[in-house]
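Take a look at the structure below.
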Protein chains: 2
Amino acid sequence: MMQKSRSSLVNDAYRRLKQEIRSNRLPPGFHGTEPEMAERLGMSRTPLREALVLLEADGLVEMKPRRGIYILPILPQDMKEIYEVLTAIEPEAVAVLAARKLSEAELKPLIDATARMEQALDDDDLEAWANADDEFHKELLILHGNKRFLSIASLLFDQAHRARVITLRMREKPYRSTAEHKTVVEHIIKGEIEEARNVYREHRERAGAELLAILAKYKLQQL
Amino acid sequence: MMQKSRSSLVNDAYRRLKQEIRSNRLPPGFHGTEPEMAERLGMSRTPLREALVLLEADGLVEMKPRRGIYILPILPQDMKEIYEVLTAIEPEAVAVLAARKLSEAELKPLIDATARMEQALDDDDLEAWANADDEFHKELLILHGNKRFLSIASLLFDQAHRARVITLRMREKPYRSTAEHKTVVEHIIKGEIEEARNVYREHRERAGAELLAILAKYKLQQL
DNA sequence: TTTTATATTAATGTATACATTAAAGTATTT
DNA sequence: AAATACTTTAATGTATACATTAATATAAAA
């Protein structure tokens, strides 16, 4: 899922396609065929297909027999599911970190991420904010150390990325969200397990509800 | 991850290899090459490789460039991680079911599974018990409806399968586990959300701790 | 005999070839 | 013009071919 090498061309195709899907250059609903995609990537169908098989397992594309490759949209139902999983996993991770009584030095990645979130707010740079937010969530699970937590969350973040980017501009500025992240870090530092867990869980639940409300309000049935 | 078709040969290879890994016919540490595995499956390397790429993403095999295919062992650390994820996800699912106040008819799959667990205990048939247990956990997540919960849990169950089969014979008969499953169903029926969640969470935590204790006791450093 | 250099083998990573067949297009009939 | 049958096209699923190169075996040198 996230090893260093693999044969290069397969890896190249996987990374490039994933990036193009994330950035919406290959938008949901996009349809292609193997020969044309292989040509575009400058390789034969063999490594492309191996990459596509992986992207399909990641839930990003669908290979319809005899009909070609489709970039899958994110539906509100998908976002609901994704937030449910994150709500189950991340508060747990936070509680474990709090129980571990980590030093501020060890928590530096999280503290830095919150600082960058604040800076981004000051700069009114939503994209920077979103990147810092991603960073926070990733570092949190790296600190926890359960590789499966991390790979599951990474997969879900990849799936949700487009929807998050788009809705970021439709909601109020994430002051509250930023503050909540800081509060969570405080609780972790103080070793306040249940407080950390609860703040984070509420953060997740509210963030998910907000996002679904936006999708409903703007009738965004797929992204 | 679990669609109906895909080209048959790829799908055949994927299913057959997964089954052979589960059943320990391809034991951890097993080493093969693509030509010999393709020959054994009666197909060319092309579909085999696509299947292997998926099995690698599932964490069951590793394709080492130039060194061949290895069946990965399960380490105690893996079991720890797997149980952590299940402990995060399943109690959440149980709580949702309880909140939904399902009828006994709707809960039939769970009730049937517990009945089969009891029957298996009476018959002293550990394998039947393990199958009923698997069934319970799968039906639970199907009832919940979050496809991501189900696919994550399925992946983890696949990874943990060998270890569970082996340790099943090293622990006491699962009377307590069976009773706990029944209790959880009771709480779901009565709509007792927190009780359902807590019983299940404790069940998971105890089951995980027991399993790790067995691995330590018998010095099973990989399975 | 040990070490180093060279040759051989064989597995991977990738490209290409090809049979099958769904879909699109064309012709034929009404 | 509409419906049907036929033809063509082209994409997929799979097999095969081939260049590269790590690993092993063999030979030469110390």
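Note that these values count all heavy atoms, side chains included, but never hydrogens, waters or copies made by symmetry. Residue numbers start from 1 in every chain, and the chains themselves are labelled A, B, ... in the order their sequence lines are given, proteins ahead of strands.
For residues 32-64 of chain A, no pair satisfies ring-ring contact (aromatic ring centres under 6.0 Å, His included), with sequence neighbours left out.
In terms of the side chain to side chain contact (heavy atoms under 4.5 Å, CB included) criterion, A/E39 has no residue partners (sequence neighbours excluded). Every residue meeting the side chain to side chain contact (heavy atoms under 4.5 Å, CB included) condition with B/V96, not counting sequence neighbours, appears here in chain and number order: B/R100, B/H144. A/P91 is linked by a side chain to side chain contact (heavy atoms under 4.5 Å, CB included) to A/R197, A/Y200, A/R201, counting only residues two or more places apart in sequence or in another chain.
The distance from atom NE2 of A/H31 to atom P of D/dA10 is 14 Å, rounded to the nearest whole Å.
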How would nucleotides 11-21 of chain C be written as a contact map, 5' to 3', with B for base contact, S for sugar-phosphate-only contact and - for no contact, using protein heavy atoms under 4.0 Å?
BBBBBBB--B-
Distance-only check: which donor-acceptor pairs under 3.5 Å involve side-chain atoms of residues 155-163 of chain B, not counting sequence neighbours?
residue : atom : partner : partner atom : Å
B/D158  : OD1  : B/R22   : NH1          : 2.9
B/D158  : OD2  : B/K18   : NZ           : 2.9
B/Q159  : OE1  : A/R148  : NE           : 2.9
B/Q159  : OE1  : A/R148  : NH2          : 3.0
B/Q159  : NE2  : B/D58   : O            : 2.9
B/H161  : ND1  : B/R22   : NH2          : 2.9
B/R162  : NH2  : B/L72   : O            : 2.9
B/R162  : NH2  : B/L223  : O            : 3.1

